[in-house]
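Input: one structure, supplied below.
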Amino acid sequence: MSTEDLVVVFLPGTHLSPASFAEVPVPSRHEAVSVAWMEQERPCTLAAAARSAVNAAGQARCVLVGHSTGAAIAATAAFAFPQQVRGLVLLDSGPDMRGHSSIDSMLTELEDPVPDEVLLRHARRNVPDGSPQEWLDRMVEYARRVGGAPAAEVLTDQAATDLRDHGTLPDLPVEVFHGGLDPKRSPDDAAAWRDVFPRAHVVVDQSVGHTPQLEAPTAVGAALQRLLQRLSA
């Protein structure tokens with residue numbers, strides 16, 4: 001198939017700004033948009049955010065690049081809008097949240113107004129020690145602006161969801177890129193995407209943590225390029 005008209009839609013994780021994808025390279029022939037899904041839908045659910053994702057592409061076919069909760073949104077959109085979503089890149093997530101190391105504590109701390117010290121603690125779990133302070137500052141600023149309620153809503157929905165209950169999409173091309181240093185989600189979570197997308201190609205990078213689009217944007221761009229090549233084969 002021709003991929004010339006595909007729109008690349010970026011979906012950040014919970015409390016991460018769409019600008020977190022700013023350094024990910026996208027082939028110049030493709031339009032790219034980043035979706036502020038936490039700001040667009042209330043209640044903030046996977047299904048509502050999935051609708052925002054495909055709406056961002058207008059009437060065009062799209063590939064979705066989702067990080068963490070954004071990956072669960074991307075997968076939800078693939079089932080809900082199969083004619084429009086032609087492929088996925090899934091970063092540091094999994095089809096359910098049973099293996100997520102911090103979900104229970106996060107949900108108990110997200111009552112507004114969320115103290116900055118809590119937002120900073122959550123932000124620090126997204127990136128390795130020694131990461132630029134600017135990354136943390138941006139995460140806290142965005143989380144403070146969005147508030148705790150949308151995060152609590154979407155995480156509660158995600159925690160109650162197992163995307164394997166949707167069945168499988170055996171023909172959908174999917175690239176999974178996962179940080180081997182991720183303290184939240186394990187490589188087993190990444191591999192479990194094959195239960196939903198049998199054609200998923202899984203790469204685990206042992207030098208990367210939970211937020212590859214910040215830590216290794218070129219590697220995320222390479223995963224996107226692999227997906228586009230698969231679509232054009």
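All residue numbers refer to positions in the sequence shown, counting from 1. Remember, it's a predicted structure, so these values are computed and weren't measured experimentally.
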| Test item: Pro173 and Phe197 side chains (from C-beta on) under 4.5 Å apart, heavy atoms |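 Of all side-chain heavy-atom pairs linking Phe197 with Pro173, none is under 4.5 Å.
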
| message | If I compare all heavy atoms of Ser20 with all of Leu214, which pair ends up nearest, and what's the gap? | response |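 The pair with the smallest heavy-atom distance is O-CD2, 3.7 Å.
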
| From Leu11 CG over to Ile73 CD1, what is the distance, rounded to the nearest 0.5 angstrom? |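 Going from the CG atom of Leu11 to the CD1 atom of Ile73 covers 6.0 Å.
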
| field | Separation of His122 NE2 from Met139 CE (nearest 0.5 Å) | value |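 If we round to the nearest 0.5 Å, Met139:CE and His122:NE2 are 13.0 Å apart.
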
| Do the side chain of Asp112 and the main chain of Ala149 share a donor and acceptor less than 3.5 angstrom apart? |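 Yes.
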
| said: Hydrophobic cluster membership, with links at side-chain heavy-atom distances under 4.5 Å among I/L/V/M/F/W/Y: are Leu91 and Val26 in one? | reply: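 Yes, Leu91 connects to Val26 through the hydrophobic network.
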
| task | Could you tell me whether a side-chain N or O of Glu215 sits under 3.5 Å from a main-chain N or O of Thr211, the two making a donor and an acceptor? | result |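 Checking the backbone N and O of Thr211 against the side chain of Glu215, a donor-acceptor pair under 3.5 Å is found.
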
| request: Flag yes if Leu181 and Val204 sit in one hydrophobic cluster, no otherwise; membership is Ile, Leu, Val, Met, Phe, Trp, Tyr, and two members link when side-chain heavy atoms are under 4.5 Å apart. | output: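 Shared cluster, no.
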
| message | Whether the side chain of Trp37 engages the backbone of Pro12 through a donor-acceptor N/O pair (distance < 3.5 Å, no angle test) should be reported. | response |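 Side chain of Trp37 to backbone of Pro12, a donor-acceptor pair under 3.5 Å: yes, one is there.
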
| query | Would you say Thr168 and Asp195 make side-chain contact, with heavy atoms under 4.5 Å? | reply |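 A side-chain contact is absent here, since even the closest heavy-atom pair is not under 4.5 Å.
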
| pair Leu16-Gln213: side-chain heavy atoms closer than 4.5 Å |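 Leu16 reaches Gln213 side chain to side chain.
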
| So which heavy atom on His67 is nearest to which on Pro212, and how close? |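 Reported closest heavy-atom pair: CD2-CD, 4.1 Å.
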
| task | Using a 4.5 Å cut-off on heavy atoms from C-beta on, say whether the side chain of Arg61 contacts that of Leu231. | result |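 No. Closest side-chain heavy atoms not under 4.5 Å.
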
| query | Would you say the side-chain atoms of Arg199 pair up with the backbone N or O of Asp171, donor to acceptor, closer than 3.5 Å? | reply |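 Answer holds: yes.
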
| Should Trp135 and Asn126 count as side-chain neighbours, where that means a heavy-atom distance under 4.5 Å? |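 When only atoms from C-beta onward are counted, Asn126 and Trp135 do not touch, as no gap falls below 4.5 Å.
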
| Between the main-chain N or O of Gly179 and the side-chain N or O of Asp92, is there a donor-acceptor pair closer than 3.5 Å? |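 Pair found, side chain donor or acceptor close to backbone of Gly179.
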
| Does the His178 side chain pair with the main chain of Gly209, one donor and one acceptor, at a distance under 3.5 Å? |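 Not confirmed, His178 side chain does not pair with Gly209 backbone.
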
| task | Identify the two heavy atoms, one from His210 and one from Ser68, that lie closest to each other, and give their separation to 0.1 Å. | result |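 Answer, listing the atom of His210 first, then Ser68: NE2-OG, 3.2 Å.
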
| message | For Pro25 versus Leu224, what's the shortest heavy-atom pair and its separation? | response |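 Smallest interatomic distance, heavy atoms only, reads O-CD2, 4.1 Å.
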
| task | Kindly say whether Leu88 contributes a backbone atom to a donor-acceptor pair with the side chain of Glu175 at under 3.5 angstrom? | result |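 Such a contact is absent between Glu175 side chain and Leu88 backbone.
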
| Does a salt bridge link Glu117 with Arg121, judged by any charged N lying under 4.0 Å from a carboxylate O? |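 No salt bridge links Glu117 with Arg121.
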
| query | Do Trp193 and Leu163 have side-chain heavy atoms sitting under 4.5 Å apart? | reply |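 SC-SC contact between Trp193 and Leu163 confirmed.
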
| task | For Arg138, look at atom CZ and say whether over 12 heavy atoms of other residues, nucleotides or ligands are found less than 6.0 Å away. | result |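 Count not over threshold, so no.
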
| task | Would you indicate whether the side-chain heavy atoms of Met38 and Thr14 approach each other to under 4.5 Å? | result |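 Thr14 vs Met38: side chains touch.
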
| said: When you compare the side chain of Cys62 with that of Leu6, does any pair of heavy atoms fall below 4.5 Å? | reply: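 Side chain of Leu6 against side chain of Cys62, heavy atoms only: no contact under 4.5 Å found.
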
| task | Decide if atom CD of Gln133 counts as having more than 12 heavy atoms of other residues, nucleotides or ligands within a radius under 6.0 Å. | result |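 For Gln133, atom CD is crowded (more than 12 foreign heavy atoms under 6.0 Å).
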
| query | Looking at Asp189 and Lys184, does any basic side-chain N land under 4.0 Å from a carboxylate oxygen? | reply |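 Looking at Asp189 and Lys184, the cut-off is not met.
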
| message | Rounded at 0.5 Å granularity, tell me how far CG in Leu155 sits from CG in Leu107. | response |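 Going from CG on Leu155 over to CG on Leu107, the span is 5.5 Å.
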
| field | Nearest-0.5 Å distance, CE of residue Met97 to OG1 of residue Thr161 | value |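 Result: 9.5 Å between the selected atoms.
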
| field | Nearest heavy atoms of Leu90 and Ala74, plus distance in Å | value |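 Scanning both residues completely, I find the closest heavy atoms to be CD2-CB, 4.1 Å.
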
| Intermediate values then yes/no, side-chain contact (heavy atoms from CB on, under 4.5 Å), His15 and Leu119 | CA-CA 9 Å; His15 274 166; Leu119 298 178; 4.2 Å; yes

| Taking the side chain from Arg230 and the backbone from Val174, do they hold a donor-acceptor pair closer than 3.5 Å? |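 Yes, the answer is positive, given that a donor and an acceptor are paired below the 3.5 Å cut-off.
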
| task | Looking only at non-hydrogen atoms, find the nearest pair between Gly87 and Leu172 and report the distance. | result |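 Closest approach of Gly87 to Leu172: N-CD1, 3.8 Å.
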
